[in-house]
Amino acid sequence: LRATRCPTSFIGAEQKEEAKAERVSSDCLPPTFSVSEIKNKQRRHLILLLESHIFSVFVFQQKMQLKKKKKKEREALGDKAPPKEVPKTIENQRVYDETTVDPEDEEVAFDEGTDEFSAYFNGLTNPKVLITTSDRPRGTVRFCEQLATVIPNAHVYYRRGLALKRIIPQCVARNFTYLMVINEDRKVPNGMVLCHLPDGPTAHFKMSSVRLRKEMKRRGKDPTEHSPEVILNNFTTRLGHSIGRLLAALFPQDPQFVGRQVATFHNQRDFIFFRFHRYIFKNEKKVGIQELGPRFTLKLRSLQKGTFDSKFGEYEWVLKRHEMDACRRKFQL
Amino acid sequence: MQHDDVIWDIIGNQQFCSFKVKTKSQSFCRNEYNLTGLCNRSSCPLANSQYATIREEKGQCFLYMKVIERAAFPSKMWEKVKLSKNYEKALEQIDENLIYWPRFIRHKCKQRFTKITQYLIRMRKLVLKRQRKLVPLSRKVEQREKRKEEKALIAAQLDNAIEKELLERLKQGTYGDIYNFPVHAFDKALEQQDEESESESEEEEEEEDEEEEEEVMNNTHIVSQRLHTVNQEFISGRLCLQDVGKREFVAEEEVEESDLSDFEDMNKLRTSSDEEEEDEEESSEEEEEEEEEMEVEMKASKSKGKSPANGSVVRKKRAYVEIEYEQETEPTSKSRTTS
């Protein structure tokens, strides 16, 4: 049968296809015939494909017709048309989190006035960051160096197998405010422990999609020594707020606008995207940004109250996959 | 009776010993009571009726002794002596228990005891240092997270968000007097931005439409829609209304139509290649998509006389769906030739 052997080359109008199908089904076969009775798998498959294609085309046509009709109605009504329907997105459908921070909440304001970052936000301390890696780093040292150029007043030290619990008192003695440990797996950084030093909270992140500076497209010159501005987007809940403050306190309080550099921490669906840009205002309504610097995404795994102590620490928040990842529209940050 | 020599002859040299592990250079003994671990005449616990070892259990060392008098009582064969935790005292204990025993066994016992105490010390030290905990990654979970991250990245629209934030800050005056933009231009720019955003949304709609079209293989509807989008492009000013019939000199790959005669030649060329294609179509069943593309190019030019310039420009801009214009007469000729 030429009709069945010829593949899905849908030449011509749709009537042709239907004619073919009819030919297949009616011409040579008894009327009480169903496709599933064809014993040859390839032919059966072909015919089913044909039928499903016809059906999908039909559905598509209906959809397009509906769309056209709606458009016509909208145009006809003009101003009186009902407002355009907003499509549902995950952000729209997000389950309301009761710990969402209200900007005027007094309790939150009081808490933030007296927590571990209050010293920083009141301008008393200047951040000083120590960046290090896990044991025997193979690919992360370059990343650490780039991070050190992005964060002002940051120093990179080799790990050499030292225990974190021993490093921490030494750092405190030398007035460091932050300890950042980049963990690596097979030459790729995959985790970050951020510890605020004079016994502040410790956050453990999972790091992914790390791009070094040389992998950036159309990047400019290296970042200068000016302190960048910080943008924190979408940290809405209490937990998000505390993480936001933790990340903000990495940078000095007074950014130097002359440098025109901005570091962004953007939270979207519990992923924190870090970007580092240089911006320029072309006019009052247009700004151009050029990406320099490394980029990575973080996902919070745990937040612990004291300094790094994985066994006996008091955990404020731990990612529990079964509870928290069960609902697609529920986010923690 | 315990004939050590006979036993050794059998298991050591000639026949099988289940504890023996042979390598190219040496043989080892896997018996747990073996003193040195090698398979020797003097180290074999089966072939020596008077034998002693040191063994360690949960950090405690014991001296095991076997004598020929107890050879008949297998359950009571090995005498177990607990050694003291003090190294020197334990050595003295070994000496005291193995007094009058062959030198070899005494010496080897002490050596073994030393080695055991050393590794126990190292174990205790290691526990105090940092221990590495291996956490297994579940592949499904990792893939899921990766996908979620990609989608979140798309939803985030980072560049837009950053630009918006920067403009907000500029408006609120956090930058002070560094940037001086005149105020009346501000309002004008606002209006402009509103217009731009509207036209952008229209263009986005168009793009969505076209993506959907590309999914479906073939439909007469698509023809009309293509015309529709081309019209819309006219409207939005992408293709300049004035240039419809105008001939212009464009870059290399595009076809230059300067004379009508050229048109005719082109048409002739295309019709001949058409016939070839149709033959090919009948024979080979696999290359239909490529052929469709070819047919598009040819037939699009055929049906729209003037518009090759437009068509080619449009084609270069983005990938449209392939369309076939077929005339009714041809398929009958096809069926005639092949059926």
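Just so you know, these numbers use all the heavy atoms, side chains as well, and skip hydrogens, waters and symmetry mates. Quick note on labels: first sequence line is chain A, next is B, and so on, each numbered from 1. Everything quoted here is computed from the prediction, not taken from an experiment.
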- request: Can you tell which part of E291(A) gets under 4.5 Å to a heavy atom of chain B, answering side chain, backbone, both or neither?
  value: neither
message: One thing to verify: whether E229(A) and R260(A) come together as a salt bridge, which I'm taking to mean a side-chain N less than 4.0 angstrom from a carboxylate O.
response: no
message: Heavy-atom cut-off 4.5 Å, strictly under: side chain, backbone, both or neither for L162(A) against chain B?
response: backbone
field: Residue part contacting chain A, namely of K151(B), when any heavy atom lies under 4.5 Å
entry: both
- prompt: Is the distance between the ring centroids of F265(A) and F235(A) less than 6.0 Å?
  reply: no
- request: Can you tell which part of L158(B) gets under 4.5 Å to a heavy atom of chain A, answering side chain, backbone, both or neither?
  value: side chain
field: Part of K299(A) within contact of chain B (heavy atom distance under 4.5 Å)
entry: side chain
message: Quick check on Y119(B): does its OH atom have over 12 non-hydrogen neighbours (other residues, nucleotides or ligands) under 6.0 Å away?
response: yes
query: If you count heavy-atom pairs under 4.5 Å between each of E145(B), R169(B), E149(B) and chain A, which one has the most?
result: E149(B)
- prompt: Do the charged groups of K320(A) and D325(A) touch, with an N to O distance under 4.0 Å?
  reply: no
query: Do K206(A) and E142(B) sit within salt-bridge range, that is, some charged N less than 4.0 Å from a carboxylate O?
result: yes
query: Taking atom types as modelled and ignoring hydrogens, do the side chains of E184(A) and T133(A) form a donor-acceptor contact shorter than 3.5 angstrom?
result: no
task: Before accepting this row, confirm whether a basic side-chain N of the pair E150(B)/K146(B) lies closer than 4.0 Å to the acidic partner's carboxylate O.
output: no
field: chain B contact via R321(A) - side chain, backbone, both or neither, heavy atoms under 4.5 Å
entry: side chain
- prompt: In terms of heavy-atom pairs under 4.5 Å with chain B, which of T264(A), I231(A), T297(A), L164(A) leads?
  reply: I231(A)
task: Select, from D135(A), T89(A), N267(A), N234(A), the one with the greatest count of heavy-atom pairs under 4.5 Å involving chain B.
output: D135(A)
